[in-house]
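These notes concern the structure reproduced below.
Below, each value reflects all heavy atoms present in this structure, side chains not excepted, and no hydrogens, waters or symmetry copies.
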Amino acid sequence: MKNIVAPMEKALPSPTFLWRFKMVLFLMWGLTCCKVGWDSVMRMDANLRDLFLYEAFLYYNPLLLVTMMVWLWGVNLWVFLQSSINYPKIFEIDQNHLTHREIWKCSTWMTILVPTSMTAYLYLYSHGEVSLAASQPVLLYILFAVIMIFPFDIFYLSSRYFFLRTLWRIAFPLQPISFPDFFVADILTSMSKVFSDLERSVCRMVNKQVATIAWLEADSVCGSHSVAIPMALVLPYLWRLLQCLRQYKDTKDKTCLFNALKYSTAFPVIFLSALKYHVFPEKWTTIYRPLWLFSSLINSLYSFYWDITRDWDLSGFSRIFKFNRPSAVSNALHGRQWIYFWMIGSNFILRGSWTYKLSAHLRHNYLTVFAITLLEMFRRFQWIFFRVEKEVNKTTRSGGIQLVESEKEDEKLLGTTNIHDV
């Protein structure tokens, strides 16, 4: 019997082989999608090609960005695990939460489904099957919505329920604000472009304008001059502002009011930009455009200041070389000087470019806006490490999370005892 079992065990493929095999299949699938998509685009008339890509990009841009954020969140969780950070306690989730491997599994399926649907849309449209092409983004959106609200115990029911409950608490901050509430809401502010694109995509689907040119009319229901676009852009900032006001009501901490003021500085950036389509060109050039530039500067500088001094608690750069209360994240990820310089510099630059994607009158440069939105998500990905470190330090002081650190290391790394609690 032993002689039979041993050869069977040796015949089983190793996990490394299976991983490499999956990667080869994934790469082959990606190359096939690129080839089919490119050939489909080249079949289009040169005069209509740009409009065709603009429309296709609009439908799939939100889901592509969400997919990228899910990948990055998996990396965040992996780093927390390597750093021995008890992140389930910080985020107030149970022990059945999704691990980084399960997050990456979800993002892998999303990476397969979204480009496949986009390729099918391009192929069918370029081959004259307009009605079938129009159904592709609609079916994809329905699929994602059904998976999210599916009531049965499959597809990680507890995690989906936790996420949907968090979204509900963000949209209606009628209860005390928890750490997951404002943490997810902050991430949503970095994805405000996703909200505006979702609004336009769903609008065109509801009004049966997918794969048509009805939306080319700027003043149409789903046109580029729609007032719903700036309203969708401002929604995440409004939610975060209401959270700050709710937090002030509960704690009477005036810092919450200054934080609310920070989110309110995004409003003039968004609405002044949208005015370009509703005022005379002379007024835009002489009055509203300078106001838009000024409000953009205020928003970028205020947000940058808040990131450094409050969200990350660097106290005006005074602790670039010294940790007030070092955590496992500090030691494992960014206990080096150059990473602080990188974080501060990249955050300053990306906070400035962030204004670009908030500006409705620049949305037609869709590839540039997509690239800047990706960079903003990368900035938020970096922000997460430092924001969680601050929460770890705060919880450690209250005895909630135990970190293994020697007294000698504390004495070497302690710089000052002043820590902001926001």
Show every salt bridge (charged side-chain N to carboxylate O under 4.0 Å, His left out) that has at least one partner inside residues 227-251, sequence neighbours left out.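 As it turns out, the salt bridge (charged side-chain N to carboxylate O under 4.0 Å, His left out) pairs with a partner in residues 227-251, which skip direct neighbours, are Asp186-Arg240, Arg246-Asp250.
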With sequence neighbours left out, write down each residue that passes ring-ring contact (aromatic ring centres under 6.0 Å, His included) with Phe195, or none if nothing qualifies.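 Result, ring-ring contact (aromatic ring centres under 6.0 Å, His included) vs Phe195: Trp239.
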Test of understanding: with ring-ring contact (aromatic ring centres under 6.0 Å, His included), list the residues that count as partners of Phe155, not counting sequence neighbours.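 Testing Phe155 for ring-ring contact (aromatic ring centres under 6.0 Å, His included), a comparison that skips the adjacent residues, returns none.
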Pair listing, disulfide (SG to SG under 2.5 Å) test, anchored in residues 156-209, at least two apart: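 Listed once each, the pairs are Cys203-Cys222.
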Which pairs count as disulfide (SG to SG under 2.5 Å) when at least one residue sits in residues 61-109, sequence neighbours excluded?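 Non-adjacent pairs meeting disulfide (SG to SG under 2.5 Å): zero.
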Go through the structure and list residues passing side-chain contact (heavy atoms from CB on, under 4.5 Å) with [X], not counting sequence neighbours.
| X | answer |
| --- | --- |
| Ile298 | Thr265, Phe294 |
| Thr67 | Trp71, Met110, Thr111, Val114 |
| Met68 | Leu72, Leu374, Met377 |
| Leu238 | Leu242, Phe267 |

Side chain to side chain donor-acceptor pair (under 3.5 Å) involving Arg160 - partner list, sequence neighbours excluded: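 Once residues adjacent in sequence are excluded, Arg160 has no partner under the side chain to side chain donor-acceptor pair (under 3.5 Å) criterion.
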Side-chain donor/acceptor pairs under 3.5 Å, residues 161-169, sequence neighbours excluded:
unit_1 : atom_1 : unit_2 : atom_2 : d
Thr166 : OG1    : Phe162 : O      : 2.8
Arg169 : NE     : Asp181 : OD1    : 3.1
Arg169 : NE     : Asp181 : OD2    : 2.9
Arg169 : NH2    : Pro176 : O      : 3.1
Arg169 : NH2    : Asp181 : OD2    : 2.8

Which pairs of donor and acceptor atoms, one on a side chain in residues 26-36, lie under 3.5 Å apart (sequence neighbours left out)?
unit_1 : atom_1 : unit_2 : atom_2 : d
Trp29  : NE1    : Thr116 : OG1    : 3.0
Thr32  : OG1    : Met28  : O      : 2.8
Lys35  : NZ     : Asp39  : OD2    : 2.7

